[in-house]
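Written out below as structure tokens is the structure these notes cover.
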There are 2 protein chains.
Amino acid sequence: MNQIGHLAGATMQCAGQSSSEAGRRAQRCRSCTVRKNALFVGLSPTELDEIAPAVPDIVVPAGETLYDAESRADSLFIIRRGVVKLVNYLPDGSYRIVRLARRTDVLALETLLGEPCDHTAEALTEVEVCRVPIGVVRMVMERQAWLSTRMIHHWHLAVQTAHGWLTRYATGGARQRMARFLADLHDECVSEACPRPCFEVPSRDDVGAILGITKETASRLISDFRRSGLLCKVDARRIEVDRERLEEVAAAEA
Amino acid sequence: MNQIGHLAGATMQCAGQSSSEAGRRAQRCRSCTVRKNALFVGLSPTELDEIAPAVPDIVVPAGETLYDAESRADSLFIIRRGVVKLVNYLPDGSYRIVRLARRTDVLALETLLGEPCDHTAEALTEVEVCRVPIGVVRMVMERQAWLSTRMIHHWHLAVQTAHGWLTRYATGGARQRMARFLADLHDECVSEACPRPCFEVPSRDDVGAILGITKETASRLISDFRRSGLLCKVDARRIEVDRERLEEVAAAEA
DNA sequence: CGCCACATTGATTTGGGTCAAGCGACGTGG
DNA sequence: CCACGTCGCTTGACCCAAATCAATGTGGCG
């Protein structure tokens with residue numbers, strides 16, 4: 001429907017067509033700290049300047065849709081900041097979240113194969129993404145063989161993550177699954193080198209859609225964890241967890 | 001442990017070192033009906049003859065392990081016949097099956113990235129695979145750019161399958177999940193153009209490990225489906241299902 | 001024949017779903 | 001500025017589906 005329109009709009013917002021805008025983008029790409037983890041790690045500064053103008057960066061507010069399932073995208077999205085959920089809607093209106101994507105993750109890879117998007121991608125927090133037209137990707141791929149390998153790594157990451165979700169979030173009791181999920185969020189946070197490892201938990205509905213439980217059960221479990229001292233609020237939105245004890249709960253065979 | 005040894009043994013069995021063996025393999029590759037769906041669709045007969053000698057075909061009896069998680073493989077495996085389960089073992093000894101692979105599927109893709117195997121692969125039925133050394137794959141990739149795209153398709157397939165499992169086999173009640181699973185097995189069977197669409201259901205333990213339920217629940221559901229006329233045995237191992245009604249059960253919102 | 005692995009079925013318990021009420025935070029409009 | 005409505009979270013009461021524990025059945029094989 002309108003997510004393309006939305007993005008086009010957003011693009012226009014920050015695009016302009018002036019050479020100063022192109023210059024800004026070049027500067028952005030040169031100093032980008034995400035790049036080395038994502039696609040274009042091997043490009044020379046010159047090459048970078050060449051593609052930068054064609055790669056708009058977009059800020060998407062929380063709750064907005066990046067793209068819809070079944071739609072045709074013409075770009076990949078590299079996440080620079082924020083969290084995006086990839087959602088599969090079921091015929092009966094309920095939904096299942098199959099992945100959370102963050103900094104350095106690349107979305108809509110299927111576009112490169114000429115296929116429609118596999119999921120709906122919604123911003124969970126405010127998100128900043130670079131929209132890389134597939135034409136640019138193809139061009140770089142032709143000139144730089146390593147990009148294929150680079151791309152494959154992202155695919156493989158997607159496979160590993162999905163299998164991880166199957167074994168960790170869809171196996172065992174709700175309590176274990178919640179413990180594993182919170183532990184993973186914690187680790188994610190640690191790996192980003194936050195000074196104090198605290199993080200934001202998605203809405204109860206979303207947690208439910210991740211773990212395959214109801215929002216009520218999700219709520220109960222979190223409350224229960226708090227009462228047991230497994231976690232505590234650090235402010236209105238963020239929490240801090242006891243990683244050790246969480247791990248015990250996650251492994252409990254009862 | 002010994003899966004490498006086992007494969008080496010199997011390789012030796014059907015390898016020999018005679019030129020007649022090489023000839024047999026060349027013939028096998030030329031007439032291979034799997035090839036067009038798997039990796040080497042674009043090779044000329046000459047090129048095919050070139051790599052064929054380096055690609056042993058192996059028969060693995062039901063129950064045997066192709067390779068173990070964490071192990072280092074030096075080959076990809078292309079399945080020519082049979083069904084393989086990819087398993088993740090959990091610390092407590094239980095296990096979760098994350099994928100079923102069959103004809104034309106390519107296993108141990110992670111090997112190509114230099115990573116250890118992500119799962120344990122066990123033959124569910126007797127299985128026939130071609131073991132393609134990564135050296136061969138790399139060589140062909142260098143010469144034939146299309147192979148990268150080809151490989152990526154297999155990765156993407158793995159992602160789609162895994163996400164499909166999350167939404168179909170890990171969402172909703174046990175009854176719905178079982179119905180979806182049997183429907184999928186049926187479709188799989190149809191797509192292979194069996195004259196009569198009947199198929200073999202894995203052991204109750206395995207079904208449990210696929211759907212995240214216990215073997216007892218799996219058994220009860222199947223018995224129940226049979227009593228409801230949703231399925232019937234066609235021989236000791238194979239069953240036939242009522243695809244239509246199965247679909248209804250799978251979609252039921254209650 | 002007897003063993004063993006696997007499937008089925010039953011009895012019982014319990015985890016988590018469902019339905020429903022209350023609560024606090026926030027934004028809007030009077 | 002406060003009243004009100006909305007939305008998401010929490011908590012409770014109840015009930016059902018699925019796990020658990022356990023016994024019996026069945027087919028294959030040495």
Side-chain angles (χ1 to χ4, degrees), chain A residues 61-63 85 90 92-96 122 124-125 169-182 200-228 231-233 235-239 249-250 252-254, chain B residues 61-64 85 90 92-96 122 124-126 169-179 181-182 200-228 230-233 235-239 249-250 252-254:
Chain A
K85 60 173 175 182
L90 300 173
D92 69 347
S94 65
Y95 65 102
R96 178 93 193 193
E122 285 177 54
L124 224 52
T125 64
Y169 302 160
T171 307
R175 185 174 201 79
Q176 293 174 56
R177 294 193 280 197
M178 177 66 81
R180 294 189 196 120
F181 178 57
L182 294 178
E200 197 167 330
V201 181
S203 79
R204 301 295 172 264
D205 278 289
D206 282 344
V207 174
I210 290 166
L211 301 178
I213 59 180
T214 60
K215 57 171 179 290
E216 291 94 336
T217 307
S219 177
R220 271 186 252 274
L221 284 171
I222 292 177
S223 297
D224 196 39
F225 281 5
R226 191 176 49 233
R227 280 188 284 269
S228 314
L231 64 85
C232 59
K233 294 173 113 76
D235 66 38
R237 306 184 149 272
R238 305 170 89 80
I239 65 164
V249 176
E253 48 227 89
Chain B
E64 291 281 306
K85 60 173 174 182
L90 300 172
D92 68 347
S94 65
Y95 65 102
R96 178 93 193 193
E122 283 176 56
L124 223 53
T125 63
E126 180 174 278
Y169 302 161
T171 306
R175 185 175 202 77
Q176 293 173 56
R177 303 206 290 239
M178 177 67 81
F181 178 56
L182 294 177
E200 196 166 329
V201 181
S203 79
R204 302 296 172 263
D205 278 287
D206 282 343
V207 174
I210 290 165
L211 301 178
I213 59 181
T214 60
K215 57 171 178 290
E216 291 95 335
T217 309
S219 177
R220 269 186 252 274
L221 284 171
I222 291 176
S223 297
D224 195 40
F225 281 5
R226 191 177 51 232
R227 280 188 284 268
S228 314
L230 289 170
L231 65 84
C232 60
K233 294 172 114 75
D235 65 39
R237 308 185 149 271
R238 306 171 89 81
I239 65 164
V249 176
E253 49 227 271

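Computed from heavy atoms alone, side chains included, the values below leave out hydrogens, waters and symmetry copies. Note on naming: letters A, B, ... go to the chains in the order of the sequence lines (proteins, then strands), and numbering restarts at 1 for each one.
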With 3.5 Å as the limit, what N/O pairs link the protein to nucleotides 24-30 of chain D?
none

Polar atom pairs between nucleotides 10-16 of chain D and protein, under 3.5 Å, N or O only, would you list them?
unit_1, atom_1, unit_2, atom_2, d
D:dT10, OP2, A:Arg204, NE, 2.7
D:dT10, OP2, A:Ser219, OG, 2.8
D:dT10, O5', A:Ser219, OG, 3.3
D:dT11, OP1, A:Arg227, NH1, 3.4
D:dT11, OP2, A:Ser223, OG, 2.8
D:dT11, OP2, A:Arg227, NH1, 3.4
D:dG12, N7, A:Arg220, NH1, 2.9
D:dG12, O6, A:Arg220, NH2, 3.1

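Taking only side-chain nitrogens and oxygens, B:Thr214 comes nearer than 4.0 Å to OP1 or OP2 of D:dA19.
Partners of B:Arg238 under the side-chain contact (heavy atoms from CB on, under 4.5 Å) rule, at least two apart in sequence or in another chain, are B:Cys198, B:Glu200, B:Val234, B:Asp235. Applying the side-chain contact (heavy atoms from CB on, under 4.5 Å) test to A:Ala179 and every residue at least two apart in sequence or in another chain returns A:Phe225, A:Leu246, A:Val249, A:Ala250. Taking B:Tyr169 as the reference, B:Trp165, B:Phe181 meet the ring-ring contact (aromatic ring centres under 6.0 Å, His included) condition, with sequence neighbours excluded.
In this structure, A:Met178 atom CE and C:dG17 atom P are separated by 11 Å, rounded to whole Å. Here the C1' atom of nucleotide C:dG17 and the CG atom of A:Leu211 are 15 Å apart, to the nearest Å. Look at CD1 on B:Ile213: it is 6 Å from P on D:dA19, rounded to the nearest Å. In this entry the distance linking CG of B:Leu221 with P of D:dA19 reads 9 Å, nearest Å. Atom CZ in A:Arg175 sits about 15 Å away from atom P in C:dT14, given to the nearest Å. Atom CG of B:Leu231 is separated from atom C1' of C:dA7 by 14 Å (rounded to the nearest Å).
With rounding to the nearest 0.5 Å, the separation of CZ in A:Arg96 from CG in A:Leu211 is 7.5 Å.
Using a 4.5 Å heavy-atom threshold, the side chains of B:Arg226 and B:Ile239 count as separate.
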Could you pull out every donor-acceptor pair under 3.5 Å between side chains of residues 217-224 of chain A and any protein atom, sequence neighbours left out?
unit_1, atom_1, unit_2, atom_2, d
A:Thr217, OG1, A:Thr214, OG1, 2.9
A:Ser223, OG, A:Ser219, O, 3.1
A:Asp224, OD2, A:Arg175, NH1, 3.0
A:Asp224, OD2, A:Arg175, NH2, 2.9

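A:Thr171 approaches A:Arg177 most closely through the heavy-atom pair O-CG, 3.4 Å.
No donor-acceptor contact under 3.5 angstrom links the side chains of A:Ser203 and A:Asp205, judged on distance only.
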